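As a basis for the values below, the full set of heavy atoms in this structure was taken, side chains included, without hydrogen atoms, waters or symmetry mates. Computed from a predicted structure; not experimentally measured.
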Amino acid sequence: MPTTGRLSNRAVCNTLIAYAITAIIVMLAFTQQGQPSEMMSLLRIVIGVLLLPVLIKFLIQLAVSPFSGVVDWLRTRRFPVQSTPSVTVLIPAWNEEVGIIRTIESVLATHYPGLEVIVINDGSTDNTHSLITDFLAGQPASGEARVRYLPLENGGKANALNQALPLASGEIIITIDADSLMHPKAIENLVRPFADPEVAAAAGNVAIGNRYAGLGLIQQLEYLCGFFMKRADSVFNAVYIIGGAAAAYRTDILRQEGGFDHSIITEDIELSTRLLARGYKCRYAPNAIIYTEGPSDLKGLCNQRLRWKYGRFQTFYKHRSLFFNSSQSRNRYLSWLLLPTALYAEILLFLELPLLTAFFAYVAITGDYLSLGLAICLISLLISFQASYDYQPRYHQRLLLFAPVAWLIWYLVDAVEFQALIRSIKRLIRNEELKWQTWVRKGIDG
């Protein structure tokens, strides 16, 4: 599993600067008395009203998420695990020579009974093929897991997964990216939600494995907070973002749905949204941990977020009938809260720069630092709680150090998301396709 590391001198310097800025604002919040201004107060009300839909969603998720463990326990009592379902793990790979062998080894190290693994080489042009064949040649023929290799011409990730789908013998199909590592208990925990016959898909808990490299800290924080909120979505059976790095599906339903959609770049998000549109349940298994390699440079991160955002827009358009759908067969939490606020958040992101300018102008003119100071303290407490509540709190313990300055880190995240939004809108207007984005692989820490 990924190991620890240390911060670079630049990271230490940036952290100290962020702490200094935060300390000054908090000090001003409790020492300065704001000067009331009717115009500025009106501006604060306008900003508050604009943020209200997203704030309502956030508060609902925040209130429900801590009780997800109790809900999962009650569900286990109602649908106890009767037997161990057979599992096929699909590992699509395209130019993944850096991490493909470690990925396969981590899957085999789960020692899940009767496990089947299918490695799909989607026309790699590096040493992926030779590494896989050499590895398989050294595996005992009578091993406890069956490993199959499927070399293909390059046709995209969705095509690679669909080509392997007819070959899978497991009752549950799990997908994992070829730059990821499985926790030894990941499969065991990921299949548990399927004891409920209405569950069609489940998401695992994805953690950034290269959290000490480049932009690892930003992504570690982002993943921690995002997956914490998935707990609430799972309570309502409405996890609509199930990433391919840690996804499980009921095989017969996946085949019945025709597999993954080739036309949408985020085929994993589209599939989970489609399953919810069909009336199935999609859940989250927070104890099914999989470590993934995030982009280590800004260009790679920007391209990754472009793909995610562009694919989400494609998915939203394809399943636009889900928005505000009052049908009894539709998930109300999904149709009336999750999807509308997700789209509304993109509108707010587009307006974020003028809104932030107006907000900080209000703070500077009125001297009302109390609102900003309280927001900083609240964000710090929330991140500390989320890091401690996670199934691997020691893995996230360094985030406690950065919790007080996380409010500044979120601005960096928003900047990356904003560029992805602009680039996505341009492509949608021009009706341009987007190919799979890649970045330089360096491997997971440890």
- Message: I need the Asp122 CG to Asn159 CG distance, nearest 0.5 Å.
- Response: 6.5 Å
- With no hydrogens and no angle check, is any side-chain donor or acceptor of Gln220 less than 3.5 Å from a backbone partner on Leu399? no
- Look only at the side chain of Asp177 and the backbone of Asp179, and say whether a donor-acceptor pair between them is shorter than 3.5 Å. no
- Task: Could you tell me which residues satisfy side chain to side chain contact (heavy atoms under 4.5 Å, CB included) with Ser371, sequence neighbours excluded, listed by chain and number?
- Result: Arg44, Asp368
- Query: Cation over ring, Arg398 on Tyr212, under 6.0 Å and within 45°?
  - Reply: yes
- Task: Determine yes or no for a side-chain-to-main-chain donor-acceptor pair under 3.5 angstrom, with Arg330 supplying the side chain and Ala277 the backbone.
- Result: yes
- Under the 3.5 angstrom rule, does the side chain of Ser234 hit a backbone N or O of Lys230 as a donor-acceptor pair? no
- Query: Side chains of Ser65 and Phe385: closer than 4.5 Å at any heavy-atom pair?
  - Reply: no
- Item | Heavy-atom closest pair, residues Gly300 and Asp297 | N-OD1, 2.6 Å
- Item | Contact summary for Pro193 and Asn189, nearest pair of heavy atoms | CD-O, 3.7 Å
- Would you name the heavy atoms of Cys282 and Leu275 that are closest together and state the gap between them? SG-CB, 4.1 Å
- Task: Drop me the distance from Glu267's CD to His262's NE2, to the nearest 0.5 angstrom.
- Result: 9.5 Å
- For Phe360, does the CZ atom sit with more than 12 other heavy atoms under 6.0 Å from it, leaving out its own atoms? yes
- Aromatic ring pairing Tyr284/Phe227, orientation class (parallel under 30°, perpendicular over 60°, tilted between): tilted
- Item | Thr84 vs Tyr112, side chain to side chain contact (heavy atoms under 4.5 Å, CB included): CA-CA, chis, key distance, verdict | CA-CA 9 Å; Thr84 302; Tyr112 189 84; 2.8 Å; yes
- Under a 4.5 Å cut-off applied to non-hydrogen side-chain atoms, are Pro197 and Phe79 in contact? yes
- Item | Shortest non-hydrogen contact between Asn210 and Ser296, atoms and distance | ND2-CB, 4.5 Å
- Query: For the residue pair Phe323 and Phe316, does the interplanar ring angle fall in the parallel (under 30°), tilted (30 to 60°) or perpendicular (over 60°) class?
  - Reply: perpendicular
- Between Leu221 and Ala406, which heavy-atom pair has the shortest distance, and what is it? CD2-CB, 3.9 Å
- Task: Let me see the working for Arg102 and Glu293 under salt bridge (Lys or Arg N to Asp or Glu O under 4.0 Å), right down to the final yes or no.
- Result: CA-CA 12 Å; Arg102 291 190 66 198; Glu293 180 182 1; over 6 Å; no
- Item | From CG (Leu271) to CD1 (Ile253), nearest 0.5 Å | 10.5 Å
- Query: Should Ser272 and Ile241 be marked as a side chain to side chain contact (heavy atoms under 4.5 Å, CB included) after you check the CA-CA gap, both sets of side-chain angles, and the distance that decides it?
  - Reply: CA-CA 6 Å; Ser272 49; Ile241 298 180; 5.6 Å; no
- Message: Quick check: do Phe236 and Leu334 have side-chain heavy atoms less than 4.5 Å from each other?
- Response: no
- Scan side-chain atoms only and decide if His183 and Asn205 contain a donor-acceptor pair under the 3.5 Å cut-off. no
- Message: Let's go through Gln61 and Lys57 carefully: what are the C-alpha distance in whole Å and the side-chain angles of both, what is the deciding distance for side chain to side chain donor-acceptor pair (under 3.5 Å) to 0.1 Å, and is it a yes or a no?
- Response: CA-CA 6 Å; Gln61 290 180 316; Lys57 167 182 171 286; 3.1 Å; yes
- Rounded to the nearest 0.5 angstrom, the CD1-CD1 distance for Ile242 and Ile269 is 10.0 Å
- Message: Within the 4.5 Å heavy-atom criterion, are Asp390 and Tyr395 side-chain neighbours or not?
- Response: no
- Query: Can Thr22 and Ile376 be said to form a side chain to side chain contact (heavy atoms under 4.5 Å, CB included), step by step?
  - Reply: CA-CA 8 Å; Thr22 302; Ile376 291 172; 3.7 Å; yes
- Message: Main chain of Glu171, side chain of Ser86: is a donor-acceptor contact present, judged purely on distance under 3.5 Å?
- Response: yes
- Task: Please check if the side chain of Gln32 supplies one atom and the backbone of Tyr369 the other of a donor-acceptor pair under 3.5 Å.
- Result: no
List, one per line, each side-chain donor-acceptor pair under 3.5 Å for residues 338-359, sequence neighbours excluded.
unit_1, atom_1, unit_2, atom_2, d
Thr341, OG1, Leu337, O, 2.4
Thr341, OG1, Leu338, O, 3.1
Tyr344, OH, Leu50, O, 2.7
Glu346, OE1, Lys309, NZ, 3.0
Glu346, OE2, Lys309, NZ, 3.0
Glu346, OE2, Arg312, NH2, 3.1
Thr357, OG1, Leu353, O, 2.8

- Taking the side chain as every heavy atom from C-beta outward, state whether Phe67 and Val235 have any atom pair closer than 4.5 Å. no
- Item | Distance, nearest 0.5 Å, that separates CZ of Phe418 from CG of Leu421 | 6.5 Å
- Query: Can you name the ring-ring contact (aromatic ring centres under 6.0 Å, His included) partners of Trp336, sequence neighbours left out?
  - Reply: Phe324
- Is Val363 close to Ile25 at the side-chain level, that is, under 4.5 Å between some pair of heavy atoms? no
- Task: Measure from the side-chain N and O atoms of Thr110 to the backbone N and O of Ser106, and report whether any donor-acceptor pair falls under 3.5 Å.
- Result: no
- Can you check whether Leu400's main-chain N or O pairs, donor with acceptor, with Ser384's side chain at less than 3.5 Å? no
- Query: Run the side chain to side chain contact (heavy atoms under 4.5 Å, CB included) check on Thr292 and Ile208 step by step: do they pass?
  - Reply: CA-CA 5 Å; Thr292 192; Ile208 291 295; 4.2 Å; yes
- Can you name the one residue among Arg75, Arg78, Lys281 that meets side-chain hydrogen bond (donor to acceptor under 3.5 Å, both in side chains) with Asp196? Lys281
- Query: Does Phe402 reach the side chain of Ile383, with side-chain heavy atoms less than 4.5 Å apart?
  - Reply: no
- Message: To check you understand the geometry: which heavy-atom pair defines the closest contact between Arg427 and Glu433, and what is its length?
- Response: NH1-O, 2.8 Å
- Counting only heavy atoms not in Tyr411, do more than 12 sit closer than 6.0 Å to its OH atom? yes
- Note on the structure: The reported gap from CG in Leu401 to OG1 in Thr15 (rounded to nearest 0.5 angstrom) is 7.0 Å
- Message: Under a 3.5 Å distance rule, please check whether Arg332 uses its side chain to pair with a backbone N or O of Ser326 as donor and acceptor.
- Response: yes
- Indicate whether the side chain of Asp233 and that of Tyr333 have a donor and an acceptor atom separated by less than 3.5 Å. yes
- For Tyr291 and Gln392, test the side chains for any donor-to-acceptor distance below 3.5 angstrom and give the result as yes or no. yes
- Message: Check whether Arg250 reaches the backbone of Val199 with its side chain - one donor and one acceptor, N or O, closer than 3.5 Å.
- Response: yes
- Message: Given Met182, which partner from the list Ile187, Leu190, Ile289, Ile104 fulfils the side chain to side chain contact (heavy atoms under 4.5 Å, CB included) test?
- Response: Ile187
- Message: Using side-chain heavy atoms (C-beta onward) and a distance below 4.5 Å, is Leu276 in contact with His319?
- Response: no
- Message: Salt bridge check, Arg274 against Asp261: does any charged N sit closer than 4.0 Å to a carboxylate O?
- Response: no
